[in-house]
Amino acid sequence: MNAYKRRRNQAPDWQSYYKNGVPQEVIVIEDSASPRLSPAMPTYSSHPIQRCFAPAAPPSIPSPSMHAPFMQPYPYQNHPPSDSQSSRPLSNASSQFSHPYNPWLDYNAAALPHPYVTATQPIQTHPPPPPPPAPSSTYLISSSNPMPSYPHPPSPYVQLPNMPLRPPAQHQVPPAPPSVNQPFPVSPSQTVLPRISLNSSNASYPKMQLPPVQRHNKGNHYDSPASYPSFFPPNVSPHQKNSQILPTNPVPQKPKEQVNYSTIPNSASTAQAAVPLSPTLAVWLPMTQTNFQAPPTYTYQPSSITNDPIVVPDPPPPAKAPQPKKRKRNTNSTKKVNCVNVPLVADKLSLNSSVYDDDDGHYKVIPNTNFAERYTVIRLLGHGTFGKVIQCYDQVQGKHVAIKVTRAIPKYREASLIELRVLQTIAQNDPTNENKCIELKDYFDYRKHICIVTDLFGWSVFDFLKNNNYIPFSLLHIQSLAHQLFKSVAFLHEIGLVHTDLKPENVLLVSNASKNVRLPYRNYSQKILNNTEIRLIDFGSATFEDEYHSSVVSTRHYRAPEIILGVGWSYPCDIWSLGCIIVELFTGQALFQTHEDNEHLAMMEKVIGPFNYDSISRAGRSTQRFFRTNGSVKYPMSNTPKKSIAYVESLQSLDQLFSCTTSSGVALLLDLLRKIFVYDPAKRITAKEALWHPFFSNALSSNF
Ligand SMILES: Nc1ncnc2c1ncn2[C@@H]1O[C@H](COP(=O)(O)OP(=O)(O)OP(=O)(O)O)[C@@H](O)[C@H]1O
């Protein structure tokens with residue numbers, strides 16, 4: 001990890017650091033290192049981030065309302081939108097890009113592999129390994145346990161000896177629908193307003209049927225996914241109730257058609273006829289298609305996007321359509337490791353700790369020294385709150401590895417035991433590592449440092465961005481990265497784990513091999529990743545849903561509103577963090593660059609839309625200190641620096657951020673983000689649902 005603070009500067013002045021000067025806030029959690037400083041960047045006045053890099057959408061295509069969809073009750077619980085509601089004509093997409101330079105345009109696209117193709121490049125080149133000496137006799141490989149066993153005195157952590165690391169097991173997140181190379185089906189209407197799709201007969205979205213919201217009776221955490229902390233308690237306002245009057249029975253539907261987008265006119269006249277298909281989807285579709293007749297009783301009420309009630313008379317009798325699985329976690333089959341037995345590796349030299357530790361309890365990394373009688377230190381890979389990550393050469397296996405060497409301080413030792421427990425739980429539930437979380441290879445206690453050995457990977461996604469002058473990833477690569485992230489997180493949630501510290505620094509590229517592409521009209525070149533395969537790391541703050549929850553988690557920029565408001569958090573906080581990461585991949589810059597609660601909430605209000613104050617005020621008194629009586633965030637306050645006010649003012653809404661291109665892929669990504677950035681965690685899209693979002697089944701050309 002670099003030793004610099006991270007540059008998170010959205011202002012046009014690329015030389016300046018945080019808009020508020022040096023951060024004053026002390027982040028409470030221990031596993032949330034504040035963003036690192038990056039070295040001064042070259043002046044980059046025409047950086048594409050947050051600029052329009054493609055012609056704006058034709059003015060005749062109405063832009064969906066930003067705020068209304070966010071504040072609409074999230075309809076998935078009763079009627080997931082069918083995929084038919086999430087389309088947009090593709091026909092003119094490529095012709096829109098006559099702009100001289102478009103960062104989404106991959107000028108060397110032909111040579112790029114498909115993101116789902118696995119690595120063909122060798123994983124990172126390393127310095128030549130030192131000659132492997134004879135394996136130490138202190139390492140006895142047990143036949144019953146893949147881990148080496150060490151002759152050592154009983155560890156204080158011994159509670160469950162011989163915990164197998166990788167028994168067979170079975171939490172695999174189902175893949176996204178197999179329509180990656182096909183346009184998703186649409187069921188449009190020609191002459192009538194599109195109906196609200198309530199069916200699920202052909203939908204690729206899972207239909208969510210959540211049990212009633214119930215709070216856990218202990219602490220501030222929640223005992224099931226259906227009982228996430230909600231800003232919308234059961235006694236919702238009549239207005240909200242009305243807006244949820246929706247039939248639960250599926251509606252019979254004509255078979256969907258694969259629409260040939262090239263035949264869909266995209267003229268101003270058709271665009272004017274476009275209407276929103278769903279108050280939450282906010283994806284617009286010209287109504288030119290034939291062969292679809294909407295049941296008259298399900299006529300869409302355009303007023304619904306302005307929070308007016310949707311009245312749906314007499315639902316038809318239930319059709320026997322296949323129903324997607326209910327949102328239910330199979331916690332019974334989750335193999336949860338309770339205790340960890342950490343073998344002790346004796347220090348033969350018995351040196352004083354001041355020789356090998358610094359004053360903070362960090363291990364001093366000295367290249368070419370012996371480590372734990374088996375490894376040779378190569379170099380420092382990164383360091384964080386917990387300790388240092390060192391690249392070492394494993395003399396037994398003859399390969400390079402990464403070793404996380406925790407600080408020799410009791411609280412960090414304890415924290416690393418939690419991380420070990422989580423890593424073992426992951427290994428037990430995903431023995432073949434389908435879900436791309438980092439794999440535990442070995443662990444031991446050496447010189448009072450708990451050491452965690454894993455495979456060696458490439459840069460983090462953040463490091464790649466930084467080394468690429470914060471040039472955003474192509475949409476094709478964002479699709480691949482986001483899909484892998486949702487898959488990993490869906491798996492974690494499935495086995496009852498909340499990561500709580502998702503950020504680009506904790507997403508490692510398996511290989512950061514890339515090619516340099518010099519862009520026309522620009523005097524710089526950019527790196528294009530050869531392979532987008534990633535691994536999720538840093539489970540030091542991961543929390544089992546049914547265990548103790550710290551009150552504050554997550555690194556500030558990726559922190560969900562429910563954590564800031566103190567109303568309790570659960571799985572959905574990971575989804576919020578993923579949303580922030582995805583926007584960062586798209587723009588190259590962190591979305592919420594802040595270090596203060598009210599400022600953070602004000603930024604959310606500006607970027608995402610207003611909070612629903614009625615609901616928030618009922619969520620608890622503690623939240624009211626953040627809001628004025630009119631429901632807006634208490635910001636600015638008398639002591640707010642002018643720089644901060646100007647910065648928040650200058651922020652673009654999510655719509656504006658994504659309005660720079662008419663690409664259908666970007667429209668779908670925006671739609672996904674709208675479902676992620678839902679303030680009410682109970683109504684936020686889940687990782688599993690996200691995998692079914694049309695953004696992931698939309699075939700993207702590598703040019704976008
Ligand atoms: N397996 C690995 N291969 C290559 N680099 C790694 C590996 N594991 C960790 N790193 C590097 O070390 C950095 C720190 O790792 P990690 O996040 O696990 O430590 P941490 O002490 O928990 O950090 P933080 O306090 O920032 O959360 C990573 O951002 C990454 O750059």
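In listed order, ligands and their atoms are each counted from 1. Residue numbers count from 1 along this sequence.
- If you check the side chains of Gln391 and Arg379, you find a donor sitting under 3.5 Å from an acceptor.
- Taking distance alone, with nitrogen or oxygen atoms compared against 3.5 Å, Thr454 approaches ligand 1 more closely than that limit.
- Salt bridge annotation for Asp394-Arg374: present, with a cationic side-chain nitrogen under 4.0 angstrom from a carboxylate oxygen.
- Counting only N and O atoms by type, the side chains of Lys503 and Thr555 include a donor and acceptor under 3.5 Å apart.
- Atoms of ligand 1 found under 4.0 Å from any heavy atom of Thr385 (numbered from 1 in listed order, with element): 21 (O), 25 (O).
- Of all the atoms in ligand 1, the ones that sit under 4.0 Å from a non-hydrogen atom of Gly382 are 12 (O).
- The distance from ligand 1 to the heavy atoms of Ile438 drops below 4.0 Å at these ligand atoms: 1 (N).
- Close contacts between ligand 1 and Asn506 involve ligand atoms 17 (O) [criterion: under 4.0 Å to a heavy atom].
- Residues Glu599 and Thr594 have side chains that bring a donor and an acceptor to within less than 3.5 angstrom of each other.
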Please test Tyr558 against Phe592 for ring-ring contact (aromatic ring centres under 6.0 Å, His included), starting from the C-alpha separation and ending with a verdict.
CA-CA 8 Å; Tyr558 307 91; Phe592 299 116; 9.3 Å; no

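- If you check the side chains of Asp574 and Ser577, you find no donor sitting under 3.5 Å from an acceptor.
- Every N/O-N/O distance between Glu419 and ligand 1 stays at or above 3.5 Å.
- In terms of the ring pair (Phe, Tyr, Trp, His ring centres under 6.0 Å) criterion, residue partners of Tyr363 (sequence neighbours excluded) are, by chain and number, Phe371, His449.
- Short contacts between ligand 1 and Phe386, defined as distances under 4.0 Å to a heavy atom of the residue, involve ligand atoms 21 (O).
- Summarising the geometry, atom OG belonging to Ser488 is positioned 9.0 Å from atom CD1 belonging to Ile426; distances are rounded to the nearest 0.5 Å.
- Remark: ligand 1 atoms within the under-4.0 Å shell around heavy atoms of Leu508 are 1 (N), 2 (C), 3 (N), 4 (C), 5 (N), 6 (C), 7 (C), 8 (N), 30 (C).
- At a 4.0 Å cut-off, at least one heavy atom of Gly387 sits close enough to ligand 1 to count as contact.
- Remark: ligand 1 atoms within the under-4.0 Å shell around heavy atoms of Ala402 are 1 (N), 2 (C), 3 (N).
- Checked by distance only, ligand 1 and Lys404 come closer than 3.5 Å through their nitrogen or oxygen atoms.
- Here's the thing with Phe457: one of its N/O atoms is less than 3.5 angstrom from an N/O atom of ligand 1.
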